Novice: 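Got a structure for you, questions after.
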Amino acid sequence: MDLQLRGKRVIVTGGNRGIGLAIADLLAAEGADVALVARDLEALQAAAARIAAHGTRVVAVQADTTDDEAVRAMVDSVVGELGGVDILVNAAATPSSSNATPTLATLSDDALHAELDTKVVGYLRCARAVAPHMAASGWGRIINISGLNARQSGSIAGSIRNVAVVALTKNLADELGPLGINVTVVHPGRTITERTASMLASRSADLGITPDELAAQLAVGTSIGRNVTAAEVANVVAFLASPRSVAITGDVIAAGGGARGAIHY
């Protein structure tokens, strides 16, 4: 199936690693011009060099999505380089597995505010900056990368920020839909990225088991019996970014290999 992405102009925040990088790589492979946005300049430049191998235009912009002025300047820079913005993928957030999960007693106000400022308000800032450009052309796609913590307990901050992304998405979908802009959420679950091998090695050593044994334990709750890869999440996002996804907006697509026993409707 031709996803009709050739020539589309894409911004991927958090595009220097993990799911964001996998998404940017696939969209470039499909013929889109891609702007990568992240704070880590060195990793950003390395990611841009990798994606440039597909032969489309690639722009690397260092920016912090917690800074509204920086976000607006980033979008202006991308529009200047690529001539516009058709697709925004919001993926700039701290992975939920990167730190120990705080309890009620240890979760500080500042830590919660930081989570919301990056993943919720940061997503809003980027959407607010690109929406006028999409509206001017009468077409656009905004895909917000959230997470399955929205559907389960265990991380107070993780659940709050991911549910909030869903609420943001639905509001944007209803407001921007008449302008030709679709807005969706993708909920990855535990996802295999370039960080996974080192994470498994470290945690399995602490537990006294092998990395393979730990990986099997972490995959028990999925319907497919394994964790999905970042590239597999990117496949879902690429469809949502395409003109063929016009029937889907304001909705959540789970991309975590299925949660055993749960029914969502």
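Worth knowing before you read on, the calculation uses all heavy atoms, side chains too, and leaves out hydrogens, waters and symmetry mates. A quick note: this is a predicted structure, and the numbers were derived from the prediction, not measured.
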Novice: Got a second to check how far Asp64's CG is from Thr66's OG1, nearest 0.5 Å?
Specialist: 3.0 Å
Novice: Would a hydrophobic clustering, with Ile, Leu, Val, Met, Phe, Trp and Tyr connected at side-chain separations under 4.5 Å, put Val61 with Val130?
Specialist: yes
Novice: Set out, in order, the CA-CA distance, both residues' side-chain angles and the distance that settles side-chain contact (heavy atoms from CB on, under 4.5 Å) for Phe239 and Leu5, then state yes or no.
Specialist: CA-CA 9 Å; Phe239 172 73; Leu5 287 167; over 6 Å; no
Novice: List the atom pairs, donor and acceptor, that lie under 3.5 Å between side-chain atoms in residues 38-48 and the rest of the protein, sequence neighbours left out.
Specialist:
from  : atom 1 : to    : atom 2 : distance (Å)
Asp40 : OD1    : Glu42 : N      : 3.2
Asp40 : OD1    : Ala43 : N      : 3.2

Novice: Is Asn16 close to Leu36 at the side-chain level, that is, under 4.5 Å between some pair of heavy atoms?
Specialist: no
Novice: With a 3.5 Å distance limit and no angle check, can you tell me whether Arg244 reaches the backbone of Gln4 through a side-chain donor-acceptor pair?
Specialist: no
Novice: Spell out, yes or no, whether Leu148 and Ile160 are grouped together once hydrophobic residues are joined by side-chain heavy atoms under 4.5 Å, including indirect joins.
Specialist: no
Novice: Determine whether a donor-acceptor pair (N or O, by modelled atom type, separation under 3.5 Å) exists between the side chain of Thr169 and the backbone of Gly250.
Specialist: no
Novice: So, taking the atom named CD1 in Ile51 and the one named CG in Asp33, what distance separates them when rounded to the nearest 0.5 Å?
Specialist: 12.0 Å
Novice: For the residue pair Asp110 and Ser108, confirm or rule out a side-chain donor-acceptor distance under 3.5 Å.
Specialist: no
Novice: Nearest 0.5 Å, please: how far is CZ in Arg190 from CG in Asn149?
Specialist: 9.0 Å
Novice: Answer yes or no: is there a donor N or O on one side and an acceptor on the other, between the side chain of Glu30 and the main chain of Arg6, under 3.5 Å?
Specialist: no
Novice: Walk me through whether His264 and Val252 qualify under side-chain contact (heavy atoms from CB on, under 4.5 Å).
Specialist: CA-CA 11 Å; His264 297 281; Val252 175; over 6 Å; no
Novice: Using distance alone, with no hydrogens and no angle criterion, decide if Asn144 and Lys119 have a side-chain donor and acceptor under 3.5 Å apart.
Specialist: no
Novice: Give the intermediate values and the outcome of salt bridge (charged side-chain N to carboxylate O under 4.0 Å, His left out) for residues Arg72 and Asp68.
Specialist: CA-CA 6 Å; Arg72 293 182 182 277; Asp68 188 56; 3.0 Å; yes
Novice: Donor-acceptor pair, Tyr123 side chain versus Thr65 backbone, under 3.5 Å?
Specialist: no
Novice: Strictly distance-based, threshold 3.5 Å: is any side-chain N or O of Arg9 a donor or acceptor partner for the main-chain N or O of Gly83?
Specialist: yes
Novice: Do Ser242 and Ser245 have side-chain atoms, one donor and one acceptor, less than 3.5 Å apart?
Specialist: no
Novice: Please check if the side chain of Arg125 supplies one atom and the backbone of Asp117 the other of a donor-acceptor pair under 3.5 Å.
Specialist: yes
Novice: Given Ile142 and Leu176, is the side-chain contact (heavy atoms from CB on, under 4.5 Å) satisfied, shown in steps?
Specialist: CA-CA 10 Å; Ile142 298 173; Leu176 301 177; 4.1 Å; yes
Novice: Between Ser146 and Asn162 (side chain of the first, backbone of the second, donor and acceptor by atom type, cut-off under 3.5 Å), is there such a pair?
Specialist: yes
Novice: Tell me whether Val37 is reachable from Val121 by hopping between hydrophobic residues (I, L, V, M, F, W, Y) whose side-chain heavy atoms are closer than 4.5 Å.
Specialist: no
Novice: Taking side chain as C-beta onward, heavy atoms only, is Leu214 less than 4.5 Å from Gln217?
Specialist: yes
Novice: Of the non-hydrogen atoms in Val228 and Gly256, which two are nearest, and what is the gap between them?
Specialist: CG1-C, 4.0 Å
Novice: When you measure from the side chain of Ser159 to the backbone N and O of Ser155, does any donor-acceptor pair fall under 3.5 Å?
Specialist: yes
Novice: What is the distance from atom CE of Met134 to atom CG of Asp86, rounded to the nearest 0.5 Å?
Specialist: 7.0 Å
Novice: Please round to the nearest 0.5 Å and tell me the distance separating atom OG1 of Thr249 and atom CG of Leu240.
Specialist: 9.5 Å
Novice: By the definition side-chain contact (heavy atoms from CB on, under 4.5 Å), identify the one residue from Thr229, Thr196, Ile19 that meets it with Thr191.
Specialist: Ile19
